[in-house]
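Report on the structure given below.
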Amino acid sequence: MEPEHRALLREHRLQLSAQLLVSDTIIPFLYQENVLTRTQVEEIESLATSRQKTLKLLDILPNCGPRAFHAFLQSLEDFRWIRDQLLLDLQERERARSPEDLVTSLWLMLSWGQ
């Protein structure tokens, strides 16, 4: 996961933990996309509350490889307002970066269908 993606998830950690219900669609999608392992899914699902599950997912996700952030965004189909806010904040960060970085980020976003 890119450093700016990690930072974005860290900044939105409390908001995400309060609003996301990860068990129904997000965790199964991330498992299906080979972002999460079976062990990670079991670790998350073993927790008692939705908030604990979301916080655990946010702890695990940054170490799940380069596809993890984009897969996470795709998993937010039922939480479009959260996905839109994350993308908006990411775009604001990118405006502050150099033109070369913007071209690379745009290419990555287009290649992932965002």
Side-chain angles (χ1 to χ4, degrees):
M1 184 176 290
E2 298 291 327
E4 62 266 15
H5 297 155
R6 285 186 179 118
L8 187 66
L9 292 179
R10 187 172 37 253
E11 287 174 15
H12 289 273
R13 186 174 174 84
L14 292 178
Q15 175 193 5
L16 292 170
S17 69
Q19 294 183 10
L20 287 181
L21 302 172
V22 297
S23 289
D24 293 340
T25 57
I26 295 171
I27 291 173
F29 180 83
L30 293 174
Y31 178 70
Q32 170 189 299
E33 296 299 311
N34 292 315
V35 172
L36 296 176
T37 66
R38 180 45 126 178
T39 303
Q40 290 168 326
V41 169
E42 290 171 357
E43 185 179 355
I44 293 166
E45 292 296 347
S46 71
L47 298 170
T49 69
S50 180
R51 176 172 239 152
Q52 289 172 327
K53 291 176 185 182
T54 302
L55 289 170
K56 187 61 165 177
L57 175 64
L58 293 173
D59 288 341
I60 292 171
L61 205 55
N63 300 313
C64 290
R67 294 181 43 249
F69 183 76
H70 295 289
F72 178 65
L73 290 179
Q74 288 178 309
S75 77
L76 296 177
E77 185 63 29
D78 293 338
F79 300 93
R80 290 183 185 158
W81 69 94
I82 295 172
R83 181 182 61 200
D84 293 346
Q85 183 63 52
L86 291 172
L87 286 170
L88 182 64
D89 288 356
L90 186 60
Q91 288 173 350
E92 288 175 7
R93 288 171 180 264
E94 289 176 351
R95 282 189 206 117
R97 292 173 34 192
S98 71
E100 295 82 17
D101 290 340
L102 288 175
V103 170
T104 301
S105 294
L106 180 59
W107 180 83
L108 286 172
M109 289 177 75
L110 291 173
S111 69
W112 280 94
Q114 298 298 318

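Computed from a predicted model, the values in this text were never measured in an experiment.
For Ser46, there are no side-chain contact (heavy atoms from CB on, under 4.5 Å) partners two or more places apart in sequence or in a different chain. Not counting sequence neighbours, the partners of Asp78 by the side-chain contact (heavy atoms from CB on, under 4.5 Å) test are Thr25. With sequence neighbours excluded, the residues forming a side-chain hydrogen bond (donor to acceptor under 3.5 Å, both in side chains) with Arg80 are Glu77, listed by chain and number. In this structure, Ser50 has no side-chain hydrogen bond (donor to acceptor under 3.5 Å, both in side chains) partners at least two apart in sequence or on a different chain. For Leu47, the side-chain contact (heavy atoms from CB on, under 4.5 Å) partners at least two apart in sequence or on another chain are Gln52, Lys53, Lys56. Among residues two or more places apart in sequence or in another chain, the ring pair (Phe, Tyr, Trp, His ring centres under 6.0 Å) test is passed with Phe79 by Trp81. Every residue two or more places apart in sequence or in another chain that forms a side-chain hydrogen bond (donor to acceptor under 3.5 Å, both in side chains) with Ser17 is listed here: Arg51. Annotation: ring pair (Phe, Tyr, Trp, His ring centres under 6.0 Å) contacts of Phe69 (sequence neighbours excluded): His5.
Leu55 and Met1 are not part of a single hydrophobic cluster, where members link through side-chain heavy atoms under 4.5 Å apart.
For the pair Val35/Leu61, a side-chain contact is recorded, criterion being any heavy-atom separation below 4.5 Å from C-beta on. No side-chain heavy atom of Leu90 sits under 4.5 Å from any side-chain heavy atom of Leu86. Side-chain atoms of Leu76 and Leu20, non-hydrogen and from C-beta on, do get closer than 4.5 Å to each other.
The list of salt bridge (charged side-chain N to carboxylate O under 4.0 Å, His left out) pairs with a residue in residues 23-33, not counting sequence neighbours, reads Glu33-Arg67.
Expressed to the nearest 0.5 Å, how far CD1 of Ile27 lies from OG1 of Thr54 amounts to 7.5 Å. Atom CD of residue Glu92 and atom CG of residue Leu88 lie 4.5 Å apart, to the nearest 0.5 angstrom. Here the CG atom belonging to Leu73 is positioned 10.0 Å from the CG atom belonging to Asp84, to the nearest 0.5 angstrom.
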Which is it for Leu30 and Gln40 under the side-chain contact (heavy atoms from CB on, under 4.5 Å) test, yes or no, and what are the steps along the way? CA-CA 10 Å; Leu30 293 174; Gln40 290 168 326; over 6 Å; no

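The shortest heavy-atom contact between Ala71 and Phe29 is O-CE2, 3.4 Å. Between Glu45 and Ser23 the shortest heavy-atom distance is OE1-OG, 3.1 Å.
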Return a table of donor-acceptor pairs under 3.5 angstrom between the side chains of residues 7-16 and protein atoms on other chains or two or more places apart.
residue : atom : partner : partner atom : Å
Glu11   : OE1  : Arg93   : NH2          : 2.7
Glu11   : OE2  : Arg93   : NH2          : 2.5
His12   : ND1  : Gln15   : OE1          : 2.9
His12   : NE2  : Asp89   : OD2          : 2.5
Arg13   : NH1  : Asp59   : OD1          : 3.1
Arg13   : NH2  : Asp59   : OD1          : 2.9

